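Small disclaimer: the values here were computed from a predicted structure and weren't measured. Convention: sequence-line order gives letters A, B, ...; per-chain numbering from 1.
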There are 2 protein chains.
Amino acid sequence: MDFVHLLISNNIKPSLQRIKIFEYLYDNREHPTVDTIYSNLVGDIPTLSKTTVYNTLKLFIDNGITSTVTIEDNEVRYDAIMEEHGHFKCDNCGNVYDVEIDISALKFKEIKSFKVEKTNIYLKGKCNKCLNKIN
Amino acid sequence: MDFVHLLISNNIKPSLQRIKIFEYLYDNREHPTVDTIYSNLVGDIPTLSKTTVYNTLKLFIDNGITSTVTIEDNEVRYDAIMEEHGHFKCDNCGNVYDVEIDISALKFKEIKSFKVEKTNIYLKGKCNKCLNKIN
DNA sequence: ATCTAATTTTGTAATCGTTACAATTTTATA
DNA sequence: TATAAAATTGTAACGATTACAAAATTAGAT
């Protein structure tokens with residue numbers, strides 16, 4: 001995966017910080033928070049500032065290569081956008097998994113009243129790993 | 001609508017504050033924030049504290065008669081739970097509308113890997129009112 | 001009714017995630 | 001190499017939420 005050209009083709013100058021942050025998002029699909037991203041990169045980039053992580057993620061979002069996952073009230077997670085998908089959070093282990101959902105199949109009554117530009121689907125429950133551990 | 005008995009039957013003692021807060025949620029379907037609820041009730045209950053609004057909503061959620069709507073990163077909204085439904089937020093006027101969606105029709109590949117207990121569907125875009133105004 | 005204990009409400013202070021902002025550093029251009 | 005523009009950084013400020021202890025209210029027993 002060529003992150004430099006992905007950034008350039010989305011009008012983002014590929015600074016070291018931006019490359020590393022996007023690389024982290026792309027490689028680590030656990031939908032990390034700002035703190036997680038910062039903690040895992042500050043070893044690589046000792047001067048890294050948390051403000052830079054915030055700024056960079058905002059830039060990614062504005063340019064359409066990242067989205068937020070707000071499956072939980074008290075935490076904002078980030079996701080490198082690939083194909084459209086939903087999210088499942090296990091309320092036992094806290095992990096957030098990607099879920100392949102055919103969003104175009106969603107039918108609803110008020111469909112003529114709104115022009116829908118974005119769809120987020122959030123599922124919660126227990127993942128199989130936890131179900132097996134608990135029982 | 002008999003809010004007193006609704007609270008009692010959900011193991012919640014019907015204090016004035018609790019009745020008024022649930023009544024507000026039930027009657028005002030714009031999915032208000034804590035601030036909105038507080039501002040609209042403090043006239044009725046002059047001693048009302050914002051902490052009470054937080055405490056009460058948490059109690060409602062724990063007892064299953066309220067849920068949160070986190071369609072936006074930076075605001076938590078509240079919803080008196082009725083039948084299962086999705087939400088649409090117009091990014092022009094900011095209003096959040098209820099949307100009737102048949103959630104049971106959602107099919108996804110990983111369905112066997114998770115025990116889904118709750119589903120949230122968030123749509124964003126433009127409502128017809130705003131579309132007509134803009135054009 | 002009255003006393004006592006339990007519950008609920010309240011206000012203040014603390015916490016934590018996020019943003020504002022100005023200074024510094026880095027990059028691009030002439 | 002000099003200058004301007006852009007990106008990064010650290011600190012301070014902000015705002016939503018929570019912790020906590022005091023005050024007020026309610027419920028139960030006598």
Side-chain angles (χ1 to χ4, degrees), chain A residues 3-4 7-8 10-25 31-63 65-79 94 96, chain B residues 3-4 7-8 10-25 31-63 65-79 94 96:
Chain A
F3 297 112
V4 171
L7 294 177
I8 291 173
N10 283 280
N11 301 311
I12 297 168
K13 287 190 189 168
S15 69
L16 174 67
Q17 288 85 341
R18 292 168 177 178
I19 296 167
K20 288 288 186 184
I21 290 171
F22 193 83
E23 184 182 26
Y24 185 87
L25 268 187
H31 315 87
T33 62
V34 164
D35 270 327
T36 305
I37 298 168
Y38 174 79
S39 303
N40 281 286
L41 289 181
V42 75
D44 262 345
I45 313 169
T47 63
L48 185 63
S49 160
K50 206 174 282 187
T51 299
T52 300
V53 180
Y54 279 105
N55 290 342
T56 303
L57 290 170
K58 183 176 185 331
L59 181 71
F60 289 173
I61 290 168
D62 290 346
N63 290 58
I65 61 172
T66 295
S67 65
T68 57
V69 178
T70 55
I71 197 168
E72 207 69 74
D73 293 0
N74 56 347
E75 60 179 22
V76 179
R77 291 162 169 266
Y78 294 85
D79 197 357
V96 175
Chain B
F3 298 112
V4 171
L7 294 177
I8 291 172
N10 283 280
N11 300 313
I12 297 169
K13 287 191 190 169
S15 70
L16 174 68
Q17 288 84 342
R18 291 170 177 177
I19 296 167
K20 288 288 186 183
I21 291 172
F22 193 82
E23 184 182 26
Y24 186 86
L25 268 186
H31 314 88
T33 62
V34 164
D35 271 328
T36 305
I37 298 169
Y38 174 79
S39 303
N40 281 285
L41 289 181
V42 75
D44 262 344
I45 312 170
T47 62
L48 185 64
S49 160
K50 207 173 280 187
T51 301
T52 300
V53 179
Y54 278 106
N55 289 343
T56 302
L57 290 170
K58 183 175 184 332
L59 181 70
F60 288 172
I61 290 167
D62 290 346
N63 290 59
I65 60 172
T66 296
S67 66
T68 57
V69 178
T70 55
I71 197 168
E72 208 67 75
D73 293 0
N74 55 348
E75 60 179 22
V76 179
R77 291 162 170 266
Y78 295 85
D79 198 356
V96 175

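- The OH-C1' distance, from A:Tyr38 to D:dT9, rounds to 10 Å in whole Å.
- Here CZ of B:Phe60 is found 7.0 Å from CG of B:Leu25. Values are rounded to the nearest 0.5 Å.
- Among B:Thr56, B:Val42, B:Val53, the one residue that satisfies the side chain to side chain contact (heavy atoms under 4.5 Å, CB included) test with B:Ile37 is B:Val53.
- Rounded to a whole Å, the CD1 atom of B:Ile12 is 16 Å from the C1' atom of C:dT9.
- Distance OH/A:Tyr24 to CG/A:Asp44: 11.0 Å, rounded to 0.5 Å.
- Nucleic acid contact for A:Gln17: sugar-phosphate only, since backbone atoms but no base atoms lie under 4.0 Å from a heavy atom of the residue.
- The structure places CG of A:Asp35 at 11.0 Å from CD of A:Glu75, a figure rounded to the nearest 0.5 Å.
- Interface residues of residues 41-52 of chain A facing DNA chain D, ordered by number: A:Thr47, A:Leu48, A:Ser49, A:Thr51, A:Thr52; criterion, heavy-atom separation under 4.0 Å.
- At least one side-chain nitrogen or oxygen of B:Ser15 sits closer than 4.0 Å to the OP1 or OP2 atom of C:dT9.
- The nearest whole Å value for the distance from the CG atom in A:Leu7 to the C1' atom in D:dA7 is 14 Å.
- In this entry the distance linking CG of B:Asn11 with P of C:dT7 reads 14 Å, nearest Å.
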Original post:
Run the side-chain contact (heavy atoms from CB on, under 4.5 Å) check on A:Asp79 and A:Thr66 step by step: do they pass?
Top reply: CA-CA 6 Å; A:Asp79 197 357; A:Thr66 295; 5.7 Å; no
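- A straight line from CG of B:Asp73 to P of D:dG15 spans 18 Å, rounded to a whole angstrom.
- Proximity of A:Tyr54 to the phosphate of C:dT19: no side-chain N or O atom is located under 4.0 Å from OP1 or OP2.
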Produce the list of close N/O pairs, under 3.5 Å, pairing protein atoms with atoms of nucleotides 23-25 of chain D; give distances to one decimal.
none

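- Rounded to an integer number of Å, the gap from A:Lys20 NZ to D:dA7 C1' is 18 Å.
- The residue among B:Asn74 and B:Lys13 whose nearest nucleotide of DNA chain D lies closer to the 5′ end is B:Asn74.
- Note: B:Thr52 OG1 to B:Leu57 CG = 10.5 Å, rounded to the nearest 0.5 Å.
- Checked by atom type and distance alone, the side chain of B:Arg77 pairs as donor or acceptor with a backbone atom of B:His31 at under 3.5 Å.
- If you take CG of B:Leu57 and P of D:dT18, they are 11 Å apart, rounded to a whole angstrom.
- With hydrogens and angles disregarded, a donor-acceptor distance shorter than 3.5 Å links the side chain of A:Arg18 to the backbone of A:Lys13.
- In this structure a side-chain-to-backbone donor-acceptor pair under 3.5 Å is missing from A:Thr68 to A:Thr70.
- Summarising the geometry, the separation between NZ on B:Lys58 and P on C:dT7 is reported as 16 Å, rounded to the nearest angstrom.
- Among the protein residues, A:Asn55 comes within range of the nucleic acid bases, having at least one heavy atom under 4.0 Å from a base atom.
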